[in-house]
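Written below as structure tokens is the structure these notes are about.
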There are 2 protein chains.
Amino acid sequence: MYIVNNQLSSAKLKVLNSALDLFMEKGYFNTSIPDLVKHSGVSTGSIYHAFKDKEAIAEALMQALLEQIESEQTAIFNQYNSSWDRFYELSRWMIETAHKHPQAMQFILNARHKEFLPNLPPICSSQPFLNLRDVIQQGMDEGELIEMDLMVAAASSFGGVMRLIQLGLDNMLEQPLPNYLESITKTSWRSIAKTI
Amino acid sequence: MYIVNNQLSSAKLKVLNSALDLFMEKGYFNTSIPDLVKHSGVSTGSIYHAFKDKEAIAEALMQALLEQIESEQTAIFNQYNSSWDRFYELSRWMIETAHKHPQAMQFILNARHKEFLPNLPPICSSQPFLNLRDVIQQGMDEGELIEMDLMVAAASSFGGVMRLIQLGLDNMLEQPLPNYLESITKTSWRSIAKTI
DNA sequence: GTCTATAGTACGATAGAC
DNA sequence: GTCTATCGTACTATAGAC
């Protein structure tokens, strides 16, 4: 149960949380409406009353997840100010979310949204991903980071963290993901920091 | 036309190359057998003569791609010996393949294989990905790299390169991918190298 | 708003002629 | 080995009672 937005009706919430579980467990196309009915306890008729069609479920799920992520990122930006602190805390949040809600992080990082939401712009142009880039830009402006192409710097720093999360989600790590927080943030940051 | 394995019959090759194009353009589940018939020019009957079912097409495609990648990696390993040279040349090969055959690289890096090949082990446990890790292990053994957890080091170095390739495949870069080769390899390597 | 029952369709896979 | 024609099925989505 990751999505808790109370603006949504109970039926919608149940369906969205079931959709998150099932889409990540079996994939969007392997999840039928009858599967959602069984898992959520909401009937076919009520699902189609709440959502126009199956694609609209995926759209609403994506929107709910991105909204939740943005609000958690905003809390971090309000509490931490330096480029490094923000990088570290954003990485910490991603790693802990991947640990506690693997489906949610998988849906954001890994899902081929284009396959079932063909009109959605790529996820890396969404606000939460732009925020990551802004942290790197800030570090360059403040002279803490080496001057280089912004995309290269963002890929090298956050890319390292995201790759490790990916490996964790694929069960390729010996220890639980949060154990790697210190070493992966320190290492990835080293690739772009002036003083190390 | 990326797959050119001449051990395979002409019909199989046609179907596999069409499958690569269509699976990456529209996704596995949005590609019907009639779509493959139209795109490849091979009839339904012949497709089912060459492959047991639709899933077997995806399996054969994966196997052909991994074989091709392994042989190109082996050539690099035979020609270059130092850890850095191998890291650089493997990165160069990935970036140029992503540039010339985006579907092939997308299929390897990005596809949610689990959705249509549920029995396949995760791609990051395949030989080509293990080879990447070995290059990092070699660098540590030879004292060129900082001693640290191997997975962290591999994620931080190759993760940066892969993340940039991902951004390139999603059209988020201003310049063509190969233009970034020097800067991304230098930057990502810096995260784990002793002398920088 | 919630449900059951069902219509309509598109797909994967097969049969069987050449 | 290649083809066309078609079967059976499982799905999305709707209709209509409560």
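Proteins come first, then strands; the chains are lettered A, B, ... in the order of their sequence lines, and each starts at number 1. Worth knowing before you read on, the calculation uses all heavy atoms, side chains too, and leaves out hydrogens, waters and symmetry mates.
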message = Between A:Ser46 and C:dC3, is there a contact of a side-chain N or O with OP1 or OP2 at under 4.0 Å?
response = yes

inquiry  = Output the rounded distance in Å from CZ (B:Phe51) to P (C:dG12).
reply    = 15 Å

ask   = Can you list every ring pair (Phe, Tyr, Trp, His ring centres under 6.0 Å) pair that touches residues 96-121 of chain B, not counting sequence neighbours?
value = B:Tyr2-B:His101, B:Tyr28-B:Phe116, B:Phe107-B:His113

task = For A:Gln137, check side-chain hydrogen bond (donor to acceptor under 3.5 Å, both in side chains) against everything at least two apart and list the hits.
result = A:Asp141

request  = Return no unless some side-chain N or O of B:His49 is found under 4.0 Å from OP1 or OP2 of D:dG1.
outcome  = yes

request  = Sort and list the pairs that fulfil ring pair (Phe, Tyr, Trp, His ring centres under 6.0 Å) and have at least one residue in residues 144-163 of chain B, not counting sequence neighbours.
outcome  = B:Phe87-B:Phe158

inquiry  = Show every salt bridge (charged side-chain N to carboxylate O under 4.0 Å, His left out) that has at least one partner inside residues 9-27 of chain A, sequence neighbours left out.
reply    = A:Lys26-A:Asp35

ask   = From A:Ile76 CD1 over to A:Asn131 CG, what is the distance, rounded to the nearest 0.5 angstrom?
value = 10.0 Å

ask   = Taking only N and O in the side chain of B:Ser43, is any of them less than 4.0 Å away from OP1 or OP2 of D:dT2?
value = no

query = What pairs of residues pass the salt bridge (charged side-chain N to carboxylate O under 4.0 Å, His left out) test when at least one of them lies in residues 69-90 of chain B, not counting sequence neighbours?
reply = B:Glu89-B:Arg92

Nucleotide N/O of nucleotides 11-13 of chain D paired with protein N/O under 3.5 Å:
residue, atom, partner, partner atom, Å
D:dT12, OP1, A:Lys54, NZ, 3.0
D:dT12, OP2, A:Ile33, N, 2.8
D:dA13, OP2, A:Tyr48, OH, 3.0
D:dA13, OP2, A:Lys54, N, 3.0

